[in-house]
S.K.: 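Here it is, the structure in full.
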Amino acid sequence: MKPEKMALSVALIASILALIISIFNFLDLPGKTTPKSAPGEGGGGGMRAGGGGGGSYTPSEEYLAKHQEKIDLMMRVVAAAEAKHKDGKMTMEAYLEQRYELDEARIMLLKIKEGRRPFQGFSEAFVKVVMLRELEKDSKKSPEELNIAKIRRLNAEIRLMDAMRRMDGVALTEADKLIKDYSAPLTDEQLQKLIEMEPARGGGRG
């Protein structure tokens with residue numbers, strides 16, 4: 001076989017393998033592991049499997065306490081960041097990023113408390129999009145910085161669409177009504193209603 005034909009054959013095989021891997025990653029296949037899981041799941045002091053085939057998970061008191069301690073500290077950090085932002089000592093972007101990290105942690109704890117596995121999903125992805133839309137309103141950003149913000153928002157919207165593969169468009173419409181913008185801190189009630197729109201994963205309660 002000539003070197004040129006051999007190179008084409010190798011490239012074709014590589015393309016086919018890449019396509020197979022992409023299809024595998026896109027499909028929710030039985031037994032497929034999810035890389036984004038919280039530490040402590042299934043271990044001592046973490047998440048304990050319930051009866052009946054390991055469908056539901058029960059968080060230990062220690063596991064819940066660790067999450068709550070983290071959130072309490074993050075709330076203090078965000079409060080300080082808010083004061084700095086109001087005084088002009090912190091950018092809007094840095095402040096909103098810290099608020100989002102707090103909301104992400106709050107969503108995770110709410111999920112765990114109701115017996116869901118600690119996976120990120122629709123709720124976190126939706127709040128990320130709302131936060132990045134708010135960031136695009138920053139009048140202090142240059143045109144180049146706004147383009148970067150738009151790219152980040154588009155990437156987040158793509159991830160949100162991935163998270164909605166098992167959902168319909170009604171949930172997104174309801175979520176938009178529930179959380180219209182990121183101008184004010186989100187309440188526990190808003191986050192809880194958002195989680196209720198999200199299908200449970202891994203056999204946890206929905």
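Since we're looking at a predicted model, the values are computed, not measured. We're numbering straight along the sequence, starting at 1.
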S.K.: For the residue pair A149 and E136, what are the closest heavy atoms and their distance?
M.R.: CB-CG, 4.1 Å
S.K.: What's the spacing between L102 CG and I107 CD1 if we round to 0.5 Å?
M.R.: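 So the CG of L102 and the CD1 of I107 are separated by 10.0 Å.
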S.K.: For the pair L96 and Y100, evaluate side-chain contact (heavy atoms from CB on, under 4.5 Å) and give the outcome as yes or no after the intermediate values.
M.R.: CA-CA 6 Å; L96 292 184; Y100 172 74; over 6 Å; no
S.K.: Can L135 be reached from I158 by stepping across I, L, V, M, F, W or Y side chains whose heavy atoms are under 4.5 Å apart?
M.R.: no
S.K.: Considering only heavy atoms from C-beta outward, does the side chain of I151 approach that of N155 to under 4.5 Å?
M.R.: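 Contact flag for I151/N155 side chains = yes.
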S.K.: In this structure, would L191 and I71 fall into the same cluster of hydrophobic residues linked by side-chain contacts under 4.5 Å?
M.R.: yes
S.K.: Do the side chains of M167 and P199 get nearer than 4.5 Å, heavy atoms only?
M.R.: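 Touching, per the 4.5 Å side-chain cut-off.
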S.K.: Is the count of non-hydrogen atoms from other residues, nucleotides or ligands lying under 6.0 Å from K137 atom NZ greater than 12?
M.R.: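 Yes.
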S.K.: Do E104 and Q120 touch side chain to side chain, with heavy atoms closer than 4.5 Å?
M.R.: yes
S.K.: Identify whether the distance between the nearest side-chain nitrogen and carboxylate oxygen of K86 and E82 falls below 4.0 Å.
M.R.: yes
S.K.: With the side chain counted from C-beta on, respond yes when E114 and I195 share a heavy-atom pair under 4.5 Å apart, and no when they do not.
M.R.: yes
S.K.: Once rounded to the nearest 0.5 Å, what's the spacing between atom NE2 of H85 and atom OH of Y95?
M.R.: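 One finds 7.0 Å between NE2 of H85 and OH of Y95.
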S.K.: Check the pair M164 / F122 against side-chain contact (heavy atoms from CB on, under 4.5 Å), numbers first and verdict last.
M.R.: CA-CA 6 Å; M164 291 186 66; F122 167 76; 3.6 Å; yes
S.K.: Roughly how far apart are T91 OG1 and K84 NZ, rounded to 0.5 Å?
M.R.: 11.5 Å
S.K.: With a 4.0 Å cut-off on N to O distance, would you call K141 and E93 a salt bridge?
M.R.: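 Salt bridge flag = yes for E93 with K141.
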S.K.: Determine, for R106 against D103, whether the closest basic-nitrogen to carboxylate-oxygen distance falls under 4.0 angstrom.
M.R.: yes
S.K.: So if you build clusters from Ile, Leu, Val, Met, Phe, Trp, Tyr with side-chain heavy-atom gaps below 4.5 Å, do M131 and L146 land together?
M.R.: no
S.K.: Tell me whether D181 is salt-bridged to R133, with the criterion being a basic N under 4.0 Å from an acidic carboxylate O.
M.R.: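 Salt bridge absent between D181 and R133.
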S.K.: Do T173 and K177 make a side-chain contact, defined as non-hydrogen atoms from C-beta onward lying under 4.5 Å apart?
M.R.: yes
S.K.: Assess whether side-chain contact (heavy atoms from CB on, under 4.5 Å) is satisfied between D138 and E145, documenting all intermediate values.
M.R.: CA-CA 10 Å; D138 189 355; E145 289 173 328; over 6 Å; no
S.K.: Is K140 close to M92 at the side-chain level, that is, under 4.5 Å between some pair of heavy atoms?
M.R.: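 No - every pair of side-chain heavy atoms lies 4.5 Å or more apart.
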S.K.: Using modelled atom types and a 3.5 Å cut-off, is there a donor and acceptor pairing between side-chain atoms of Q190 and backbone atoms of L178?
M.R.: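 Checking the backbone N and O of L178 against the side chain of Q190, a donor-acceptor pair under 3.5 Å is found.
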S.K.: If you measure from CD on E124 to CG on L194, what distance do you get to the nearest 0.5 Å?
M.R.: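 It comes to 8.5 Å.
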S.K.: Between R153 and E157, is the closest basic N to carboxylate O distance under 4.0 Å?
M.R.: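 Yes, this pair counts.
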S.K.: Could you point out which residue of R117, K193, K111 forms a salt bridge (Lys or Arg N to Asp or Glu O under 4.0 Å) with E198?
M.R.: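 Result for salt bridge (Lys or Arg N to Asp or Glu O under 4.0 Å) with E198: K111.
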S.K.: Please name the pair of heavy atoms, one in A163 and one in A125, separated by the smallest distance, quoted to 0.1 Å.
M.R.: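 Between these two residues, the closest heavy atoms are CB-CB, 4.4 Å.
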S.K.: What is the minimum heavy-atom distance between Y63 and P118, and which atoms define it?
M.R.: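 Here Y63 and P118 meet closest at OH-CG, 3.9 Å.
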S.K.: What about L64 and M75, same hydrophobic cluster or not, with Ile/Leu/Val/Met/Phe/Trp/Tyr joined at side-chain heavy-atom distances under 4.5 Å?
M.R.: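 Same hydrophobic cluster.
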S.K.: What are the two closest non-hydrogen atoms of A156 and L132, and how far apart are they?
M.R.: CB-CD1, 3.6 Å
S.K.: Just do the side-chain contact (heavy atoms from CB on, under 4.5 Å) check on L172 and L160 with the steps written out, would you?
M.R.: CA-CA 10 Å; L172 185 58; L160 176 61; 4.0 Å; yes
S.K.: Testing M74, Q68, R76, K70 for side-chain contact (heavy atoms from CB on, under 4.5 Å) with D72, which one passes?
M.R.: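 The option that passes is Q68.
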